[in-house]
Amino acid sequence: QLQASGGGLVQAGDSLRLSCAASGLSLGSAGMGWFRQAPGKEREFVGVMRWSMARTYYADSVKGRFTISRDSGKNTIYLQMDSLKPEDTAVYHCAVDPVWNVDPRAWSRPDSYSYWGQGTQVTVSS
């Protein structure tokens with residue numbers, strides 16, 4: 001089970017940190033990803049962490065502004081979002097692929113992930 005939290009309403013340029021706590025899942029070999037979905041748009045890849053190595057990969061649209069980190073003791077992954085823009089407005093979801101996929105093309109595909117959190121709304125006003 002994945003529980004995402006931390007969303008809210010902020011102004012452009014502000015920061016926000018999302019959390020996603022995983023329970024009942026073994027993360028040792030997993031990839032944990034963040035996706036977002038704006039109204040009327042498809043789910044979009046934000047970034048992913050290879051849990052075992054804490055290595056992260058990001059979509060070009062957020063690179064340099066968003067940072068994924070983890071607290072392994074809490075089985076929790078974070079998404080630090082800085083310099084937020086109105087186009088970052090979306091419902092943000094965390095997801096788990098139980099076995100890390102070495103094919104980078106898989107990281108951005110929602111169907112690569114078996115478990116999904118319920119999402120948390122992020123709204124950035126201009």
> Which pair of non-hydrogen atoms, one from Thr76 and one from Ser19, has the smallest distance, and what is that distance?
Replying inline: CG2-CB, 4.3 Å

> Taking side chain as C-beta onward, heavy atoms only, is Arg36 less than 4.5 Å from Asp88?
Replying inline: yes

>> Any non-hydrogen side-chain atom of Glu44 less than 4.5 Å from a side-chain atom of Gln37?
In response: no

>> Could you check whether Ser5 and Gln3, counting side-chain N and O atoms only, form a donor-acceptor pair closer than 3.5 Å?
In response: no

> If two hydrophobic side chains count as joined below 4.5 Å and joins carry through other members, does Phe45 share a cluster with Val62?
Replying inline: no

>> Let me confirm one number: the SG-CD distance from Cys20 to Gln118, rounded to the nearest 0.5 Å.
In response: 8.0 Å

> Does Arg50 count as lying over the ring of Trp107, i.e. NZ or CZ under 6.0 Å from the six-ring centre, within 45 degrees of the axis?
Replying inline: no

> If we only count heavy atoms from C-beta on, is the Met32 to Tyr115 side-chain gap below 4.5 Å?
Replying inline: no

>> Please tell me whether Phe66 and Trp34 form a close aromatic pair, meaning their ring centres lie under 6.0 Å apart.
In response: no

> Nearest 0.5 Å, what's the CD-CZ distance between Gln80 and Arg65?
Replying inline: 12.0 Å

> So does Gln121 have more than 12 non-hydrogen atoms from other groups sitting under 6.0 Å from CD?
Replying inline: yes

>> Are Ile77 and Leu27 linked, directly or through intermediate hydrophobic residues, by side-chain heavy-atom contacts shorter than 4.5 Å (ILVMFWY only)?
In response: yes

> With side chains defined as the heavy atoms from C-beta onward, is the minimum distance between Tyr58 and Thr67 less than 4.5 Å?
Replying inline: yes

> Any sub-3.5 Å donor-acceptor pair from Asp97's side-chain atoms to Trp100's backbone N or O?
Replying inline: no

>> Rounded at 0.5 Å granularity, tell me how far CG in Leu2 sits from NE2 in His93.
In response: 11.5 Å

> Do Phe35 and Tyr113 have ring centroids that are under 6.0 Å from one another?
Replying inline: yes

>> If you compare all heavy atoms of Ala90 against all heavy atoms of Ala38, which two are closest, and at what distance to 0.1 Å?
In response: CB-N, 3.8 Å

> Just checking, is any N or O donor in the side chain of Arg17 or Tyr78 under 3.5 Å from an acceptor N or O on the other one?
Replying inline: no

>> Quick one, Val48 and Ile68 - any side-chain contact, counting heavy atoms below 4.5 Å?
In response: no

> Are Val102 and Tyr57 in one and the same hydrophobic cluster, where Ile, Leu, Val, Met, Phe, Trp and Tyr link if side-chain heavy atoms are under 4.5 Å apart?
Replying inline: yes

> Checking Thr120 side chain against Gly7 main chain: does a donor-acceptor pair fall under 3.5 Å?
Replying inline: yes

> Below 4.5 Å, heavy atoms only, C-beta onward: do Lys85 and Val124 meet side chain to side chain?
Replying inline: no

> Regarding Ser112 and Asn101, is there a side-chain donor-to-acceptor distance under 3.5 Å anywhere?
Replying inline: no

>> Ignoring hydrogens, what is the shortest heavy-atom contact between Ala30 and Ser26? Give both atom names and the distance.
In response: CB-O, 4.3 Å

> Can you find a pair of side-chain heavy atoms, one from Arg55 and one from Met49, that are under 4.5 Å apart?
Replying inline: no

> If you measure from CG on Asp14 to CG on Leu9, what distance do you get to the nearest 0.5 Å?
Replying inline: 9.5 Å

> Do Asp60 and Lys63 meet the salt-bridge criterion of a basic N to acidic O distance under 4.0 Å?
Replying inline: yes

>> Are the side chains of Met81 and Ser15 in contact, using a 4.5 Å heavy-atom criterion?
In response: no

> How many angstroms lie between CD in Glu87 and OG in Ser61, if you round to the nearest 0.5 Å?
Replying inline: 9.5 Å

